[in-house]
Q: 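Quick one: structure below, then a few questions.
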Number of protein chains: 2
Amino acid sequence: MFSDATISRMPLYLRELQQLHRAGQTRVQSGVLAKRLGLNDSQVRRDLSGFGSLGQRGVGYDVKGLIQTIQNTLGSDRSWNVILVGVGNLGRALSGYRGFEQQGFRLVGVFDSDPGKIGTKLGLLTIRPLEEIDDLVQSEDVELAIVSVPANAAVSVAHRLEMAGITGILNFAPVTVSKPQSSTTVVNVDLAVELQRLAFAVMKSKE
Amino acid sequence: MFSDATISRMPLYLRELQQLHRAGQTRVQSGVLAKRLGLNDSQVRRDLSGFGSLGQRGVGYDVKGLIQTIQNTLGSDRSWNVILVGVGNLGRALSGYRGFEQQGFRLVGVFDSDPGKIGTKLGLLTIRPLEEIDDLVQSEDVELAIVSVPANAAVSVAHRLEMAGITGILNFAPVTVSKPQSSTTVVNVDLAVELQRLAFAVMKSKE
DNA sequence: TAGATTGTTAATCGATTAACAATC
DNA sequence: TAGATTGTTAATCGATTAACAATC
């Protein structure tokens, strides 16, 4: 139904649509969305056509209806329980990141291996040892985990999460966590890699 | 010479090669790199072939030599001066992120619009008002900026950075900053979008 | 030499884009 | 009706992969 490329653009459409909705817009055209996201208008129509005929020719798309359809189809109408593993600088910032809860992600547990951190508070939550991951995943029906541990710990943490029944991992550790045989989905975000991508793209554009 | 897709994988190759180098490995094969990054071995050879014939048939690639070639070609043998604009939770975490300096990125200035923050310290640097961006970009030859301001400020900040002569922006604000007509390169990283991509991919895999 | 692995071509696959009939 | 914009097809473009000769 939807290609991987289309799926990965859906959160962007959703974000723009929600912004338009907040700004009081009731309709939007493919060209407008395309411009805001730096895409081609054909691409936007093609991406959205997967939902069926939602637009009105000559008029555009209904902002509210489109938001609801995307959310319904892709599961962001409900909330997801999330845990955070690794409470360093980045982990702390991620735990307080407003954008997550705004999209229906509920942080229900935070974990670290450092005995000095265990038992202390992070926001409203108490930092717990990794050994308690299984229990919480069971009791709270946790599906997603954010991993911000050091590189050398990431693979074993990912394995533990998988064993605990986590179905999705957002990995910020500077290693590619990919388990080809497993059913756990992983999205890797390496901040240093992103900055280097920028630098490389700048170099290339200067040629 | 290099496709965009290849360029965006280069930081990943570099990261794995540096890890192998630290671990004392002197040689590596395309299949090994592929496995670590979840890629196809043909793809790795094709990506690396852009540098010329660096491998030895029957043997593999020289780890150290490959690192140096990538760095030389793509400008990560030198250091880049970087500024940070927006000192919230995320900005603070980014300013202390070890991965940046390890790859030759030097944070030379931090800026915020909040008078309450201006003049206070962030690590070794003093937070300054946005008005001083131009001066610092000139005096320190700054090429890259990390933007972690609220969504509504991001576009005007990006514009200011562009005017100041910044050539690359790593944008963490939840808006797509793209200036089609400008020569400034932008890489957008929206953390909420990444988490949602994960959730959508999980939904899709469950179908 | 035999085995391994690269470099590179050609085939495949998937994603983007242009174009336009359908229709609001 | 005239103008605008969708939905969808067909064409294009680019990226991935399989395969294998070259060669260490």
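Just so we're on the same page: letters track the sequence lines, and every chain starts at 1.
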Q: List the protein contact pattern of nucleotides 18-24 of chain D with one symbol per nucleotide (5' to 3'): B for base contact, S for sugar-phosphate-only contact, - for none; contact means a heavy-atom distance under 4.0 Å.
A: BB-BBBB
Q: Just verifying a value: how many Å separate Arg92(A) CZ and Ser148(A) OG, rounded to the nearest 0.5 Å?
A: 10.0 Å
Q: Any luck finding a side-chain donor-acceptor pair between Gln103(B) and Gln18(B) under 3.5 Å?
A: yes
Q: Within the 4.0 Å heavy-atom criterion, would you say Leu54(A) contacts the bases, only the backbone, or no part of the nucleic acid?
A: sugar-phosphate
Q: Determine, using ring centers only, whether Phe2(B) and Phe51(B) are less than 6.0 Å apart.
A: yes
Q: Using a strict threshold of under 4.0 Å (side-chain N to carboxylate O), is an ion pair present between Glu143(A) and Arg78(A)?
A: yes
Q: Any base atoms under 4.0 Å from Leu39(A), or only sugar-phosphate, or nothing? Heavy atoms, all strands.
A: nothing
Q: Does NZ belonging to Lys117(B) count more than 12 external heavy atoms closer than 6.0 Å?
A: yes
Q: What closest approach, in Å, do Val202(A) and Gly168(B) show between heavy atoms, and which atom pair accounts for it?
A: CG2-CA, 3.9 Å
Q: Does Thr6(B) form a side chain to side chain donor-acceptor pair (under 3.5 Å) with Asp47(B)? I'd like the steps, not just the answer.
A: CA-CA 6 Å; Thr6(B) 297; Asp47(B) 281 344; 2.8 Å; yes
Q: Taking only Lys NZ, Arg NE, NH1 and NH2, and the carboxylate oxygens of Asp or Glu, determine whether Asp4(A) and Lys204(B) approach each other closer than 4.0 Å.
A: yes
Q: Pairs counted only when both distances fall under 3.5 Å, Watson-Crick or G-U: show me the 5' to 3' dot-bracket for DNA chain C, [ ] for pseudoknotted crossings and | for other-strand partners.
A: ..||||||||||||||||||||||
Q: If the cut-off is 4.0 Å, is Tyr61(A) near the phosphate of dG7(D), judged by side-chain N/O to OP1 or OP2?
A: yes
Q: With rounding to the nearest 0.5 angstrom, report the CG to OG distance, Leu130(A) to Ser113(A).
A: 5.5 Å
Q: For residues 3-37 of chain B, which residues have at least one heavy atom under 4.0 Å from DNA chain C?
A: Gln29(B), Ser30(B)
Q: Do Tyr13(B) and Leu39(B) have side chains that get closer than 4.5 Å, going by heavy atoms?
A: yes
